[in-house]
Structure formats: C-alpha cells, structure tokens
Amino acid sequence: MKKVLFGCVFALVCSAASADIIDELAADPEVWGAQISPTGDYLAAMKVVDDKNTVVIFKFPSMELSGVMSFPGRNEVGSFGWVNDERIVASIVQKYDRLEAEVGAGELFGMNADGSKPKHLFGYRAGDPSAKGHIRRSTNEYASASVRNALWHDPKNILIQITNWSAGYSHAVETAMLDVYTGRVRNRVRGPVENATLVTDAKGDVRFAYSVDDDYNTVIHLRDPEKREWQEFARIPYGETGVEPQLMTEDDKLIVTMQPEGKPRGIYEFDPATKASREVYQHDVVDVVPREDFQSRMYGTYVEHGVPEFVALDAKHPHARLTRAMKKAFPERVPYVTSSTHDYQKSIVGLSSASHTTEYYLHDRATGQVQLLFDIKPQIDDAKLPTMQPVTVTARDGLELHGYLSLPPGADGKNMPLVLVPHGGPHGPRDVWGLGWEAFIPASGYAMLQINFRGSGGYGTAFEKAGHREWPGKMQDDLTDSVRWAIDQGVADPERICIFGWSYGGYAAAMSIAREPDLYKCSAAGAGALDLEEQYRNSDFAEDTRWGHKYLDTVIGPTKADRMAASPITHIDKVKTPVLLIHGEEDDRVTVENSRAYAKAMKAAGKPVYKYVELDNEPHSPSNPANWARVHREVIEFVRAHIGPGEFGP
C-alpha cells in the first residue's frame, strides 16, 4: 500500500488493499479535491464517510482533525471551496431511492474550519420559514445558486449566480452578493438574456455572459460595470469560429480564445473597442485555454498534444515556476497547481499520469520542499497499471488523426488482442493522456486503442465540423483506419479485435460492426444512441432545451429519414458480430429504450444479443462503484469469450 497523508493521518480515511484491479479501478477515490486555506492554517478535502461525500478539514501543519462537514439524511456535499481564511462554502446534493446518482438543487451551505457557525445559506430549504423580511426572501428561494467569485477582498461575502426556477426552457439569471455567515442576498445584477452563464473579473464585477439561443448559436454579451449596460459582443453559429472571452486581467485587458485562419483555438489579448488582437499563445494542432490563479491572473496553458505539456505564459508567476520545477522532479507525470495560499508560499500540486494513480503534494516555497499528502487510490499497485503512448494515424482521405495506445504492464505491443474504445460525445469531448476509466481493459491484459476521430473536440472547429453528418460514415472510417493501422504496425492480431464504447462510443461500437462485419470479433455498446429518432423525441437535451433539435439537425440531418439512416438499429441486417448491450435504467441523456429496442430488433432478425445488462436506478454513466465494477467485469468476460484471455494481465 502507498503512503497516504503523512502515514495515514486520516484515521477515518484509509482502507485495506484489494487484490482485484477491476474493483480497485472502479472504486471511488479515497480522498480528492484537496484545497489549502488562504493563510495556510487549514487543509480541506473531499472524502466518502459512511457512504456519503463529506469535507474533512485539518489544522495545518499538525494535521489534527479540525472539522467535518456532513449532512443528515439523504443529503451530502457536492463540492466546496474556501471563501475566506476560516470558512468554506459547499453545494448540497441529494440521493433518491430510485437513483444511484446524486442530484443537486443549487443549495449552498457554509461552515467554519473548526465546525462552528454552520449555516444553510441559499436554496429552497434555506432560511427560517417563520422569519420575516429580507433575510427569508433572499435565502429561502426557489432558485439554484453557484459560486462565481470568492471576493477575496471581502471576507464576509461571495458573488453567486442565481438561476430562477420557472416552467419551460427559459430561466432568468442574475448575480448577487451572498453573506457567507448569514445568507443575506443583496446587490443583484440581472443577466442580459435567460439561461446565461455570467462571468466576473478579478474584482467581482460581472463582465460577460454566455448563452445559447434557439438556433444553437453561442451568444456572448459584454457588460460595462460603470454604465451597468450589456452589449452583444458576438453571435457564433454552432460549428463556426469566433472570439470567446476567457478572463479579464487586472488592467482590464480581455483574454480570449480565437481561431485565426482556420488554426485551432489559441489564446489572444483582445480589444473590444478596436477588435484588434495580439497573440499570446497559438498551437498548430490542438486547442489551448488559459490557466489562471485565484486572482484571475493568467500564468500558463497545457498543450494536450500527446503527453500534456505545460507552457508558461507568465514565466515569473509562482505557479508557472512551481509547475516547471515539479515537472523536472517528476518527469513522467503531469503537474498542476490545485490551490495555494494567497502569498503563494504554500501550494497543493496534483500529479497525474497514465501509469500512476493521482497523487497530491504540498510545496513549501520558503524551503523548496515537497511532501506527499495523499494518493487518491492508495489501494492500487501502480505496477498493475498500463502504459500509454501517443499515436498518429493517417485516415484514408489523408486526414491526420491523433490518439493513444495503451498496453498491459510488461507487454511488448506485438500481435496482441486489441480492444478499440471510441470516446463519447462525440462533438466536444476527446481522448486525452492519463489514467481514464477505460484503464480496466489494458489492466486486464488487452491492448487498447483510442483515436480522436474527426468530429472530436480539441483540434479546432474545422476538425470538429468535419464530423457533422458523418456519424455513420467518415467517423466510422476513421475508427476502421485506426484498427488497420494497428494491424499494419504489428500491434494487433487481426483475429483478436473487439470494440467497446459508452454513449456515442456505444453508438460507434454498434455502427462499426454494421459497416465492417468481418473486422471485429465482438462489440460491446454501453448506453449507446442506437435509435436516433428515439433520441430526437425523448433525450433530455432534446426535450429540456430550446436547442436540442437544432443540434441533432446540424450533426445528423434535419429529417427523420436522416436520423434513421444514421441509426445502428436500421442496419441490424448487416450485423454478424456478437453484441453485448449495457444501459442504465434511469438514463435521461440516451434513453434505455435505445438498447431495449435494439435488443428486440436483433432477436426479431434472428441475431440474439449475447447479453443485455440493465443497471437498476443508474443514469447515463453509473454512479455506484459496484455497478461500474459490474460493467468492467461484463465487458472483460465478453471480450475473453470471443478473443481469448488477455496477455500480461490477470
């Protein structure tokens, strides 16, 4: 077992090691989300205690337990953050009997580091129902809140965004000052349009707003804090490029991301008045976004081309210096600063890797020393984890594709059983370097290939747009070409190849075996969008947003005929490959009817599904670790039955 928080000072935290890598990978983290207080007197982190998410707070550096934030009944902590030297504010989520996942209603709760002065600050259950006047009106609201700015210059207040509850798709939004001790709400600023996300500058002034209109355009408004006026800044059609504000500097310069001349998204300084821009950083292959500290000071970016690389944009910034120093000390891992004291003397740094579980370290700037705080999954032996290497594949039409090949520990990568794992989304998300949830496949002895097919996010708008209306076409060809590449490179045994994916990945797993019935020996589709007409009628984003149908019209096609032609359920007659279906019973994003109907259609065509697994009470992605472990076991058992046992694994 690994070291955990100074020799397991979390007496209520540490667990015994497990011998099963599948259970270990599926388990919730032991501890996560560590944050040091502004003065460095306390350290807080998320921890599951008695099957509920809590916040545990320690005095620093003694690591004596100071306080625990935990809620009664079905309530638990969603997320938290420091709001001054002594106090944290957290969101409240609830568990329901029919759902494995937690559901939040935008409620906020405050507590001091020593456990004193607990207060339900905002939400429909906050406040004293018998109270009169402003306090009750401002705290016991039928609305949701999220923290927008900690207002470090004001220890009593934070800035929140309030989204008012109303029937239908449209909800008024506003920002307001929230007293973190009493819950009093004041100084409300109304957003320019409904359903907007409001963004502040370092001082806490609301400066811009993002929204999506009925036609799925991204609409950006800028606000003049002196005139208190909103002005539309940009209206960007989905799939097109535009200027997107990211942050406002201390000297009121606007930092944006934009894509000049068809390049990926880069970081620029922009003058809204003259429309003039100055390049800060631009990469030739991948999108980049600025990384900022607690004062909204930009200090760097991460380039996700292969193994992530940190690029300093302010070489003198303490976080930039620390990130470079940690990379030098841990060259095979990716460091990132998660929080720091406000004098930058102490910082918490996470280290991520594809072959190690994430660890958190404390850095003391005065001494230059680093000290291990904890490993999020100390029960896992890193020697059981896979290796990952970036790969480049040229598609049949010459388009360059990037992805990752993961191998079991000790594998030589020659003539191996292979599982292709397309990512979900598909537009927006992408595969990245690191220890992802799919790691159970190479950890079980199989080579795993993940490719960022056209349509994936992260490579610029043109690359993402190239996948529109190509779900059943060129996007599948990209997957086929990546498998052919693995065979040509001698990595994959052509007689031992399967495909598995979740969400859009499940769609791709089902569509690929219709297009390439002889390439794969098995196909596992998890929460797959197998009937796009069903998605058009009943998915949450189609039913509950103003833009859902417009999105599907853009990426699939505007007619029912387009949707059915692109649906795997339409092409069952071509399928020769054994199929495993897995779906959560309470999935709103991709309804369970997708898999139920596909299984029924397979049976009617005389092609029975190998197995259909329905996960009780689970949403789109399983929330219960036991159900994740079940998914992993079902997939490995299915793969093993059709291409044999893994190599170099258990």
Side-chain angles (χ1 to χ4, degrees), residues 15 17-30 100-101 354-355 357-358 376-377 379-388 404 406-409 411 416-424 431 434-450 496-503 505-506 508-509 520-528 578-585 587 590 595 609-650:
S15 65
S18 164
D20 192 315
I21 189 65
I22 283 182
D23 285 336
E24 292 170 348
L25 287 169
D28 285 330
E30 287 280 334
E100 291 286 357
S355 302
T357 52
T358 298
I376 67 169
K377 293 190 175 182
Q379 71 273 24
I380 293 180
D381 179 358
D382 286 347
K384 296 180 180 180
L385 297 178
T387 61
M388 176 183 265
Y404 300 90
S406 296
L407 298 175
M416 295 193 64
L418 174 79
V419 180
L420 175 68
V421 183
H423 64 71
D431 285 315
L435 188 67
W437 67 272
E438 313 93 339
F440 74 93
I441 293 172
S444 298
Y446 300 92
M448 179 176 73
L449 181 61
Q450 298 168 279
R496 294 188 293 166
I497 299 174
C498 288
I499 183 171
F500 162 62
W502 203 268
S503 193
Y520 303 99
K521 300 302 179 186
C522 67
S523 172
V579 175
L580 168 67
L581 298 174
I582 307 175
H583 218 119
E585 177 191 25
D587 191 342
V590 179
S595 288
V609 171
Y610 171 85
K611 193 172 186 179
Y612 175 40
V613 178
E614 197 162 293
L615 304 172
D616 294 344
N617 303 324
E618 287 286 15
H620 187 50
S621 296
S623 295
N624 187 328
N627 282 332
W628 258 132
R630 182 186 178 191
V631 169
H632 296 177
R633 292 185 191 286
E634 294 283 3
V635 171
I636 293 302
E637 178 184 297
F638 176 61
V639 169
R640 184 179 292 124
H642 292 92
I643 62 175
E647 299 178 5
F648 309 98

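From N624, atom CG reaches atom CG of N617 across 9.5 Å, with rounding to the nearest 0.5 Å. In this structure, the separation between OG on S355 and CG on D382 is 8.0 Å, given to the nearest 0.5 Å.
With sequence neighbours excluded, the residues that form a side chain to side chain donor-acceptor pair (under 3.5 Å) with H423 are S456. Qualifying salt bridge (Lys or Arg N to Asp or Glu O under 4.0 Å) partners for E614, counting only residues two or more places apart in sequence or in other chains: R596. Applying the salt bridge (Lys or Arg N to Asp or Glu O under 4.0 Å) criterion to R630, with sequence neighbours excluded, gives E634.
Test V421, V419, L580 against V635 for side chain to side chain contact (heavy atoms under 4.5 Å, CB included) and you get one pass: L580.
When every heavy atom of S595 is checked against every heavy atom of I582, the shortest pair comes out as OG-O, 4.4 Å. Taking every heavy atom of both residues into account, P409 and A383 meet most closely at CB-O, 3.4 Å. In terms of heavy-atom proximity, S621 sits nearest to W502 at OG-NE1, 3.8 Å. The shortest non-hydrogen separation linking L420 to L449 is CD1-O, 3.4 Å. When all heavy atoms are compared, the tightest approach of Y446 to P408 is N-CG, 3.6 Å. The minimum heavy-atom distance between I22 and D20, with the atom names listed, is N-OD1, 2.9 Å.
Checked by atom type and distance alone, the side chain of T358 never pairs as donor or acceptor with a backbone atom of I376 at under 3.5 Å. In this structure, K377 contributes its side chain and L25 its backbone to a donor-acceptor pair below 3.5 Å. S406 places no side-chain N or O within donor-acceptor distance of the main-chain N or O of P386, the cut-off being under 3.5 Å. Judged by distance alone, with hydrogens and angles left aside, the side-chain atoms of D587 form a donor-acceptor pair with the main-chain N or O of V590 at under 3.5 Å.
Residues S444 and I636 are in side-chain contact: their nearest non-hydrogen atoms beyond the backbone lie under 4.5 Å apart. Side-chain contact between P417 and I497 is absent, with no heavy-atom pair separated by less than 4.5 Å. S503 places a side-chain heavy atom less than 4.5 Å from the side chain of H620. You'll find the side chain of R496 reaches within 4.5 Å of the side chain of E647, heavy atoms only. In this structure the side chain of F500 never reaches within 4.5 angstrom of the side chain of V639, judged on heavy atoms.
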Q: Tell me, with the steps shown, if E618 and S623 meet side chain to side chain contact (heavy atoms under 4.5 Å, CB included).
A: CA-CA 7 Å; E618 287 286 15; S623 295; 3.8 Å; yes
Q.
Go through it in stages, so that I can follow the logic: the residues are V579 and Y612, the test is side chain to side chain contact (heavy atoms under 4.5 Å, CB included), and I'd like the CA-CA distance, side-chain angles, deciding distance and then a yes or no.
A. CA-CA 9 Å; V579 175; Y612 175 40; over 6 Å; no
Q: Tell me, with the steps shown, if I21 and F440 meet side chain to side chain contact (heavy atoms under 4.5 Å, CB included).
A: CA-CA 7 Å; I21 189 65; F440 74 93; over 6 Å; no
**Q.** Working for side chain to side chain contact (heavy atoms under 4.5 Å, CB included), residues L385 and T357
**A.** CA-CA 9 Å; L385 297 178; T357 52; 4.2 Å; yes
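The aromatic rings of W628 and H632 sit tilted relative to each other, their planes meeting at an angle between 30° and 60°.
Of the charged side-chain nitrogens involved, at least one lies within less than 4.0 Å of a carboxylate oxygen, so that D23 and R633 count as a salt-bridged pair.
Close placement of the H642 and Y610 rings is indicated, their centers lying within 6.0 Å of each other.
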